[in-house]
Amino acid sequence: MKIAEIRELRVPLNAKISNSLVSFAEHDVSLVAVISDVMRHGRPVVGLGFNSIGRFAQSGILRERILPRILAAPADQLLNGIGFDCEAVYRAAVRNEKPGGHGDRAAAIGAVELAFWDLNAKLADEPAYATIARHFQRQPSPTVPVYAAGGYYYEEDGLGRLQDELQGYIDMGFDAFKIKIGGASLGADLERIEAALKICKSGSRLAVDANGRFSLEEATAYGRAINSFGLRWYEEVGDPLDFELNKQIAGLYTGALATGENLFSLQDVRNLLNFGGMRPDRDIFQMDAGLSYGLFEFGRIIALLEQFGYDRRFSFPHGGHLINLHIVSGMNLGGCEAYPNVFQPFGGYSPQCRLADGRISLPDTPGFGLEAKPELAPFIAKLTA
Ligand SMILES: [Mg+2]
């Protein structure tokens, strides 16, 4: 068994929305196909993966550095007796890369490494959550908690629009929500939060996300202003690498903080745990395998959290899409994000996934089931034609 070819397609994100820091209109994603020499029903078995939402496609890094290294590795070194060895794929991909500076290459490798997990699951003819659970010696969760991440800033916006959006999520079956803050003044954001709370009914069902925008002074002012709302969490208050800022806010804000979606390596997470003041009884971790070298590295990150005394159920990976749904189920993490109606073709789940009472069911198609997502299917067909 060996790899015949690896292809990549840059797919634009369909999203004319913004958070406090970035517009998503120019974002794109790398969709990767790992084509094996195993034939089933007259066609090769193909593994599919992508990095994640909210960053960029990594076509150049993949084409010029990562894919040639994986394809040059001796075929038997990438196998482990069961399927493809994703640690070996990672090690081939990072050959000749210096430590530190975990940026776009972490997403490039994440996209291709995750495609190998999809391939392994298809070779075993089982959904990816089953493959992942077996690898990490867990029992997969048949449904996982999911929350609706929305409340972006729109060109034509208003409190009524925000409330209608949240009511729409309740009608779909969501019972927890997240909205953006930091893209308006503190006073205007407090009005947004109060308007949202009228729909959500309880602060424990509403999280807010500043997308790393605040200085210590701004994060402090917001933290003091929203402390009494009892919100679900206060996300990415400052620069994701400013661990001292995180620690200072943890010292004054009594509710949960959430961060980690912009930490792309084991070592970055170790720094957060050593210096960020994260509190094991409440704070939330949001590292995303597709942005941090894939599931081999992500598994090491979850193990590190537990070594430091944190509970994996406080891990809610960034990125509301099928790949992370399988990872959350297979690794028994706390829950998943969802972006209803936005970030197509990658955002959200397939029609087979049923949402009820704030939990979503897993699809039973082999692999991550990306082919069963109608918005994504045409891009997969183009990539694998
Ligand atoms: Mg966020």
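Just so you know, these numbers use all the heavy atoms, side chains as well, and skip hydrogens, waters and symmetry mates. Ligands are counted one by one from 1 in listed order, and the atoms in each one are counted from 1 as well.
- Taking the six-membered ring for Trp and the full ring otherwise, the centers of F368 and H326 sit less than 6.0 Å from each other.
- Taking the six-membered ring where the residue is Trp, the centroids of F285 and F316 are separated by 6.0 Å or more.
- In this structure, W233 has its ring center at least 6.0 angstrom away from the ring center of Y253.
- Counting heavy atoms from C-beta outward, K247 and M278 have side chains that stay 4.5 Å or more apart.
- Closest to the Mg ion (ligand 1) among the N, O or S atoms of E235 is OE2.
- At a cut-off of 2.8 Å, D209 is counted among the residues with an N, O or S atom near the Mg ion (ligand 1).
- Restricting E261 to its N, O or S atoms, the one at the least distance from the Mg ion (ligand 1) is OE1.
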